[in-house]
Structure formats: C-alpha cells, structure tokens
Amino acid sequence: MNKLIFHRYHGLGNDYLVCRRSVADRLSNQQIQRICDRHYGLGSDGLLIDIDDLDVPTLRIINPDGSEAEKSGNGLRIYARYLFDIDRVKHSPFFVNTLGGQVRCEVTEGAHQVIVDMGQANFTPAALPASVEGEEVLALPLLIDGHKLTASLVSMGNPHCVIQVKELDLALVQEIGGKIETMPIFPKRTNVQFVEVQDRSNIRIGIWERGAGYTLASGSSSCAAASAMRKLGLVDDNVTVHMPGGRLAISFSGDFQVKMCGPVQKISTSMLDEDCFFDMQPAIEQQ
C-alpha cells in the first residue's frame with residue numbers, strides 16, 4: 001500500500017501540508033479536515049495538492065474546513081519551493097495553474113525566497129463575487145457588532161474585503177473577522193483584512209482567512225490589502241506588508257499587476273499513520 005506522505009512548509013508562520021494527487025485521491029473531505037486539525041491530525045492552515053500528472057504544475061488548495069480556495073499567495077510560494085525541492089523546477093521562472101488563474105513563479109536566493117506574479121487586482125464586485133452595486137467598491141459601509149467600518153472589495157483570483165483602520169487591533173480581527181467572512185453579500189464568503197497605513201511604503205495588516213480563520217500571514221491578503229491602499233492613493237508602487245508572522249514585499253506595475261516576494265521554509269516530511277482515522281467512516285481505501 002502506498003504511504004501517506006506529507007511535506008510541511010511555512011511562509012511567515014502560515015503553514016501548509018503538501019501532498020501528491022495519488023495521496024489526496026485516497027482521502028475523503030472529512031479526512032482532510034482531520035489531517036489539518038492541530039489536535040487530532042498533523043495540523044496545518046491547509047492542504048496543497050500537487051496535480052503531478054500534468055505538463056504545467058497544477059495546484060489545488062484545500063482549506064482546513066474542507067472548502068477549496070481559488071488561490072493562495074503563501075500556498076503558491078510554498079508549492080513553488082516544493083517543486084524546486086523535488087527537482088521539477090529550477091531557478092528559472094515557471095508557471096503554475098490554479099483555480100484562480102495561472103501565475104508565474106521564481107525560486108531565488110538558494111531556495112528561501114520565492115517571487116510570484118499574482119496577476120491583476122480586480123476591484124469589480126462581481127469578480128469576488130459580492131452582491132454590491134457599482135463597477136468598483138472602495139468605500140462600502142459595514143456595521144458589525146456596533147463597529148462602523150469602511151471596506152474596499154478586491155479580487156486577486158480569490159475574494160477579499162479590505163478594511164482600513166487608524167490603528168490595527170488584532171483582537172478585533174479575531175472577534176469579528178468570521179462575521180464579515182460570512183456576510184450574505186459574499187455568496188462564496190470572503191477573506192478579510194484590517195489595514196493600518198504607516199506611511200507610503202509600509203502597511204500593517206491583520207488577517208481572517210476564509211475557511212481557516214485568524215492567520216499569522218497571507219500572501220493573497222497582503223496583495224489585496226496593498227492593492228486597495230494603492231487604489232485609494234495612500235501608498236506607492238513598492239509596499240512592505242507587516243503581519244504578525246513577518247513581512248512581504250509587494251510591488252505594482254502596469255494596470256495593478258501585482259508581484260509578491262517572500263520567504264519559505266521547510267519544516268518536515270511526515271508519514272501519516274492510518275490510525276488517525278480509526279473512528280471515521282468511510283475508512284481510506286486499501287491499495
């Protein structure tokens with residue numbers, strides 16, 4: 001029987017497990033949720049599935065709650081580093097397919113920095129999707145538990161609700177992030193970022209990820225937050241995004257084409273014991 005092998009990486013404290021399609025195909029959605037659980041499984045902020053039987057590297061991203069994400073900036077950096085580690089790619093730029101579109105990646109500085117061209121930031125509500133009128137929404141009023149907020153809506157191939165604040169309060173992110181994620185105006189839910197602009201080159205953000213909850217860092221969230229602040233004219237073309245997990249460099253060119261650069265580190269390679277699933281039905285298939 002094939003072993004259940006998972007590779008753990010993190011990008012600024014946002015950690016993912018990576019496995020091959022042959023492993024993922026043996027698992028139910030419920031079992032994937034168990035694997036991502038930090039008490040009952042290996043624990044992670046999501047599962048990256050390498051669809052390794054295609055010419056162009058193709059990535060599926062599963063959140064800890066079992067839902068599927070279109071795109072993940074940290075997930076893409078981690079997947080790029082994984083492809084480099086298994087010698088499928090070298091230091092030359094290469095493309096990766098995701099549900100949120102094709103992106104260009106490059107592994108640099110040995111293997112510890114990865115650049116990803118994340119594509120164009122889209123401010124059209126229909127791109128998220130969001131049930132809000134207007135071609136662009138940059139000042140959407142929200143009232144959540146008595147908190148009056150103003151949001152900008154951005155798609156990076158996945159949905160983002162960016163909320164500018166004078167001073168970042170991470171406790172507030174954790175308190176109401178989930179309520180914003182599941183607002184009826186977001187039929188597919190949304191990622192949420194609270195943003196404090198420090199100056200024209202630096203922002204601080206707190207992140208609530210769709211399907212994962214509060215996280216230390218997020219690549220697509222960094223891109224969305226920086227894009228919203230750039231659209232509002234509050235930052236320049238090169239922005240450092242500061243998160244509890246660390247920093248990412250975001251740059252803009254052309255019509256809001258977004259490039260992200262940040263670190264990736266490998267943590268471990270693990271073989272999961274099937275006893276992890278002994279109380280779950282159906283059991284994984286025996287092969």
Q: Strictly below 4.0 Å, N to O, side chains only: are Lys90 and Glu106 in salt-bridge contact?
A: no
Q: Examine the side chains of Gln33 and Asn29 and answer whether a donor and an acceptor come within less than 3.5 Å of each other.
A: yes
Q: Look at the side-chain heavy atoms of Ile, Leu, Val, Met, Phe, Trp and Tyr, link any pair under 4.5 Å apart, and say whether Leu140 and Ile205 land in one connected group.
A: no
Q: When you compare the side chain of Val96 with that of Thr98, does any pair of heavy atoms fall below 4.5 Å?
A: yes
Q: Rounded to the nearest 0.5 Å, how far does CG of Asp45 lie from SG of Cys36?
A: 8.5 Å
Q: So how far is it from Gln102 CD to Lys71 NZ, rounded to the nearest 0.5 Å?
A: 10.5 Å
Q: Taking the side chain as every heavy atom from C-beta outward, state whether Thr150 and Ile163 have any atom pair closer than 4.5 Å.
A: no
Q: Would you compute the distance between atom OG of Ser222 and atom CG of Leu12 and round it to the nearest 0.5 angstrom?
A: 8.0 Å
Q: Over all heavy atoms of both residues, which pair between Ser221 and Gln193 is shortest? Give the atoms and the distance, please.
A: OG-NE2, 3.0 Å
Q: Classify the angle between the aromatic ring planes of Phe256 and Phe123 as parallel (below 30°), tilted (30 to 60°) or perpendicular (above 60°).
A: perpendicular
Q: Taking NZ, NE, NH1 and NH2 as the nitrogens, is one of them in Arg200 or Asp236 under 4.0 Å from a carboxylate oxygen of the other?
A: yes
Q: What is the distance from atom CG of Leu272 to atom CD of Gln31, rounded to the nearest 0.5 Å?
A: 9.5 Å
Q: Give the intermediate values and the outcome of side chain to side chain contact (heavy atoms under 4.5 Å, CB included) for residues Met118 and Gln257.
A: CA-CA 7 Å; Met118 291 288 287; Gln257 296 292 328; over 6 Å; no
Q: Side chain to side chain contact (heavy atoms under 4.5 Å, CB included) for Leu4 and Phe277? Distances and angles first, verdict last.
A: CA-CA 12 Å; Leu4 298 172; Phe277 308 124; 4.3 Å; yes
Q: Show the numbers, then the answer: is there a salt bridge (charged side-chain N to carboxylate O under 4.0 Å, His left out) between Asp15 and Arg38?
A: CA-CA 11 Å; Asp15 63 332; Arg38 298 192 184 278; 2.6 Å; yes
Q: Please say yes or no: joined through hydrophobic side-chain contacts below 4.5 Å, possibly via intermediate residues, are Leu216 and Ile250 part of one cluster?
A: no
Q: Can you see which heavy atom on Ala121 is nearest to which on Ser227, and at what distance?
A: CB-OG, 3.5 Å
Q: Verify the ring-centre separation between Tyr16 and Tyr79: is it less than 6.0 angstrom?
A: no
Q: Below 30° counts as parallel, above 60° as perpendicular, anything between as tilted: where do the rings of Tyr9 and Tyr82 land?
A: perpendicular
Q: Which is it for His91 and Phe84 under the side chain to side chain contact (heavy atoms under 4.5 Å, CB included) test, yes or no, and what are the steps along the way?
A: CA-CA 8 Å; His91 283 302; Phe84 182 86; 3.6 Å; yes
Q: Evaluate whether atom CZ of Arg247 has more than 12 neighbouring non-hydrogen atoms of other residues, nucleotides or ligands under 6.0 angstrom away.
A: no
Q: Side chain to side chain donor-acceptor pair (under 3.5 Å) between Gln265 and His112: does it pass, once the steps are laid out?
A: CA-CA 6 Å; Gln265 290 177 265; His112 292 103; over 6 Å; no
Q: With a 3.5 Å distance limit and no angle check, can you tell me whether Glu181 reaches the backbone of Gly211 through a side-chain donor-acceptor pair?
A: yes
Q: When Ile, Leu, Val, Met, Phe, Trp and Tyr are grouped by side-chain heavy atoms lying under 4.5 Å apart, directly or through other members, which residues fall in the same group as Leu143?
A: none
Q: Once rounded to the nearest 0.5 Å, what's the spacing between atom SG of Cys19 and atom CD1 of Ile49?
A: 5.5 Å
Q: Taking C-beta and beyond as the side chain, do Leu17 and Leu42 meet within less than 4.5 Å on heavy atoms?
A: yes
Q: If you count every heavy atom of other residues, nucleotides or ligands that lies below 6.0 Å from Arg8 atom CZ, does the total exceed 12?
A: yes
Q: Taking Lys188 first and then Glu70, would you say they form a salt bridge - that is, a charged N and a carboxylate O separated by under 4.0 Å?
A: no
Q: Any heavy-atom pair between the side chains of Glu68 and Ile61 that's under 4.5 Å?
A: no
Q: Taking the side chain as everything from C-beta on, heavy atoms only, tell me whether Phe194 gets closer than 4.5 Å to Leu170.
A: no
Q: Heavy atoms, side chains only, cut-off 4.5 Å: are Leu234 and Gln164 in contact?
A: yes
Q: Inspect the contact between Arg20 and Asp50 and indicate whether a charged nitrogen and a carboxylate oxygen are less than 4.0 angstrom apart.
A: no
Q: Establish whether Leu99 and Leu59 are linked, either directly or via other cluster members, by ILVMFWY side-chain heavy-atom contacts under 4.5 Å.
A: no
Q: Start with the C-alpha distance between Val23 and Asp25, add both sets of side-chain angles, then the distance that settles side chain to side chain contact (heavy atoms under 4.5 Å, CB included), and finish with yes or no.
A: CA-CA 5 Å; Val23 170; Asp25 284 348; over 6 Å; no
Q: Can you confirm whether more than 12 heavy atoms, excluding those of Lys259, are under 6.0 Å from its NZ atom?
A: no
Q: How long is the gap from CE on Met156 to CE on Met260, to the nearest 0.5 Å?
A: 8.5 Å
Q: Regarding Asp65 and Arg189, does a basic nitrogen lie under 4.0 Å from an acidic carboxylate oxygen?
A: yes
Q: May I ask you to check whether Gln174 and Trp208 show a side-chain donor-acceptor distance below 3.5 Å?
A: no
